[in-house]
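One structure is given below, encoded as structure tokens.
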Amino acid sequence: MAKDFLWWRDGVVYQIYPRSFKDTTGSGIGDLNGIREKLGYLSDLGIDAIWLSPINPSPDVDFGYDVSDYRDVDPKFGTMQDFDDLVQEAGKLGIRIILDLVLNHSSDQHPWFLESKKSRDNPFRDYYIWHDPASKGGPPNNWRAVFGGRGWEWDETTGQYYYHMFYKEQPDVNWRNPKVRAEMLDVFRFWLDRGVKGFRLDVFNVYFKDDRFRSNPTKLLGRRPFDKQIHKYDFNRPELMGVLRDIRETLDRYDEAYAIGETFLCSPKESAAYCGDGLLPACFNFEILEARRDPRVLQRKMIEWEDALGTDKWPVHVLNNHDNRRYATRFGRGEDDARMKMAAAMLLTLRGTPFLYYGEEIGMRDIRVRRKDILDPIGKRYWPVFKGRDGCRAPMQWKNARNAGFSGNDPWLPVHPNYPSRNVQALAGDPESLLNTYKKMLALRKKYQPLIGGDLTFLESGNSNVMAYLRAWEDERMIVALNFSGSEQSVRALKGSVIFSTSREAGRNQGGITTLKGDEALILKVQ
Ligand code: GLC
């Protein structure tokens with residue numbers, strides 16, 4: 001175990017999409033007891049924390065990202081007792097729980113909104129963003145909704161519009177209202193008091209909108225009308241900083257409590273500005289997830305992220321999540337996992353906290369969903385430009401049994417047809433499998449401090465197919481070399497002894513050069 005191990009900095013986080021992990025009731029939807037049942041698997045894998053996509057009661061217009069009660073568990077996932085049991089048992093195995101807090105908007109079924117829309121003088125009116133029509137009539141400004149159409153919805157009863165950045169069933173709350181602010185901070189305390197260790201803050205950088213409701217400037221390029229705006233007035237408003245300080249103050253009253261912000265459409269610089277001392281402990285940067293699989297592009301993006309953060313702020317790295325096509329779908333060749341092994345070696349040796357997404361460790365591919373079967377709002381609205389996010393949310397593939405061992409009944413989304421061979425049980429039995437590569441890499445991180453806390457310096461490999469970097473901690477140094485091509489590549493000799501390779505026949509040093517096999521990741525310990 002690393003010296004002075006700090007779980008959220010030195011550990012590895014595993015994201016679970018609860019609907020799709022393990023169903024114990026036969027409802028076709030995963031549940032909390034299912035996650036509890038699989039804690040042994042997760043502990044054996046070697047992760048340190050689980051981030052649960054939302055488990056609060058929700059009408060599921062956006063599958064949990066529309067919350068109707070911030071202080072409860074949705075009955076489809078289980079009871080509060082099940083949740084407490086999960087926290088307890090996970091804790092015994094050294095696994096912390098991170099909850100997803102969706103505080104930019106609630107469901108339109110949240111009691112606050114049901115009250116708010118009753119009348120203009122309702123005490124909850126100001127919990128949401130209401131506005132009169134523009135002077136010429138129509139919506140107050142040009143703001144658009146991410147999920148399509150205008151961001152403003154007309155309410156006949158009270159004669160005003162309310163604002164929603166996502167679906168109209170997801171009205172944005174009014175963070176300018178001190179009562180809302182107090183309520184939200186209390187939500188943090190409510191879950192921290194139940195033993196939760198951290199939070200993932202859904203689209204926190206849009207909590208505030210311009211107080212003068214100015215229209216966004218527009219631009220020519222963009223796939224959706226939403227993308228054809230420069231989000232000057234509905235994103236990244238300066239008032240946000242005060243709330244981040246309040247959140248941090250709330251967290252700091254608890255031991256090692258954590259929050260990571262989902263920086264929605266942010267540059268690395270913008271993301272970095274939200275984390276650090278007195279602000280959020282960490283923020284995502286999605287540029288690497290979204291980048292091409294090109295070592296030069298990736299290296300440039302990694303350096304940009306490192307530079308934006310400087311030495312005091314800690315990076316986070318992620319290749320998969322519930323909003324994007326899986327890495328294995330984007331870059332895998334058929335059922336071959338060589339590229340995913342290399343990606344795992346990269347993700348787990350960069351300087352920063354790695355976030356894994358359920359099924360990544362077994363190379364799950366996205367399912368194909370026909371138009372008529374699409375459940376995700378984005379896919380419903382934007383097909384075929386965007387086919388939606390159902391593909392990366394398919395049931396976890398546990399074994400070669402009915403529904404891949406996920407559920408005794410028809411699952412809410414179909415299981416990928418490759419499950420008979422691609423499943424936890426099958427991959428666990430093969431020492432060279434992707435699953436065992438993840439396990440070995442996770443164990444290596446625990447063993448070698450440079451892989452966790454070490455400084456990162458990119459090395460000039462002399463071969464544009466190979467990315468190489470040095471991780472140095474005190475007098476211990478390690479080198480990671482990643483061959484992004486499918487063929488053998490040579491680089492200037494990397495000095496050190498090979499402690500890990502993703503290839504059966506590891507690359508070797510000879511005559512001043514090191515040879516890497518196609519798709520190989522090599523880790524060396526410098527003597
Ligand atoms: C975030 C979530 C996404 C959700 C959206 C609206 O981007 O990751 O799944 O649809 O916020 O809450």
Side-chain angles (χ1 to χ4, degrees), residues 13 15-20 51-70 74 98-110 113 128-129 143-149 151 153 163-173 175 184 187 199-209 224 226-227 231 234-236 259-266 270-271 274 280 282-287 289-290 316 318-326 355-358 366 374-382 386-394 412-413:
V13 181
Q15 181 191 356
I16 291 181
Y17 197 70
R19 290 180 82 86
S20 299
W51 149 26
L52 299 175
S53 278
I55 55 164
N56 302 121
S58 166
D60 285 334
V61 172
D62 189 18
F63 297 104
Y65 288 91
D66 47 322
V67 172
S68 55
D69 184 351
Y70 289 108
D74 195 301
I98 297 176
L99 286 187
D100 208 321
L101 290 186
V102 190
L103 308 180
N104 172 66
H105 44 270
S106 74
S107 156
D108 65 347
Q109 299 306 307
H110 194 293
F113 191 71
Y128 294 86
I129 302 172
W143 297 351
R144 313 284 313 196
V146 181
F147 292 161
E153 183 70 13
Y163 176 71
H164 58 93
M165 176 155 293
F166 294 88
Y167 250 166
K168 67 176 175 17
E169 290 86 351
Q170 297 168 292
D172 283 38
V173 304
W175 273 91
M184 293 314 197
V187 169
F199 304 95
R200 176 258 187 193
L201 305 181
D202 190 69
V203 295
F204 78 95
N205 61 312
V206 301
Y207 285 176
F208 284 86
K209 287 87 192 168
R224 302 167 288 188
F226 179 84
D227 305 318
H231 292 281
D234 53 351
F235 271 58
N236 298 326
I260 175 160
E262 182 206 13
T263 40
F264 187 44
L265 304 180
C266 279
E270 285 166 329
S271 300
Y274 294 131
L280 298 181
C283 278
F284 283 110
N285 162 34
F286 297 112
E287 293 225 329
L289 181 156
E290 287 158 1
V316 164
V318 57
L319 297 177
N320 290 287
N321 66 27
H322 65 293
D323 288 329
N324 292 283
R325 287 166 72 227
R326 288 176 179 271
F355 271 61
L356 312 180
Y357 180 54
Y358 83 98
D366 287 36
I374 289 180
L375 299 175
D376 178 37
I378 292 190
K380 282 190 193 168
R381 171 85 191 206
Y382 289 110
F386 295 110
K387 293 183 176 161
R389 302 164 293 180
D390 297 327
C392 66
R393 299 173 176 178
W412 75 288
L413 279 176

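Counting convention: from 1, in listed order, for ligands and their atoms alike. All residue numbers refer to positions in the sequence shown, counting from 1.
Among residues two or more places apart in sequence or in another chain, the salt bridge (charged side-chain N to carboxylate O under 4.0 Å, His left out) test is passed with Asp202 by Arg200.
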Going through the distances and angles, do Phe235 and Trp143 end up as a ring-ring contact (aromatic ring centres under 6.0 Å, His included)? CA-CA 11 Å; Phe235 271 58; Trp143 297 351; over 10 Å; no
For Asp74 and Ser58, what are the C-alpha separation, side-chain angles and deciding distance, and is it a side-chain hydrogen bond (donor to acceptor under 3.5 Å, both in side chains)? CA-CA 7 Å; Asp74 195 301; Ser58 166; 5.5 Å; no
Run the ring-ring contact (aromatic ring centres under 6.0 Å, His included) check on His110 and Tyr70 step by step: do they pass? CA-CA 9 Å; His110 194 293; Tyr70 289 108; 5.5 Å; yes
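No side-chain donor-acceptor contact under 3.5 Å links His105 and Tyr207.
A heavy-atom cutoff of 4.0 Å around ligand 1 is satisfied by the protein residues Asp62, Tyr65, His105, Phe147, Phe166, Arg200, Asp202, Val203, Glu262, His322, Asp323, Arg389, Arg393.
Note that Arg325 lies outside the cation-pi zone of Phe386, set by a 6.0 Å cut-off to the ring centre and a 45° limit from the axis.
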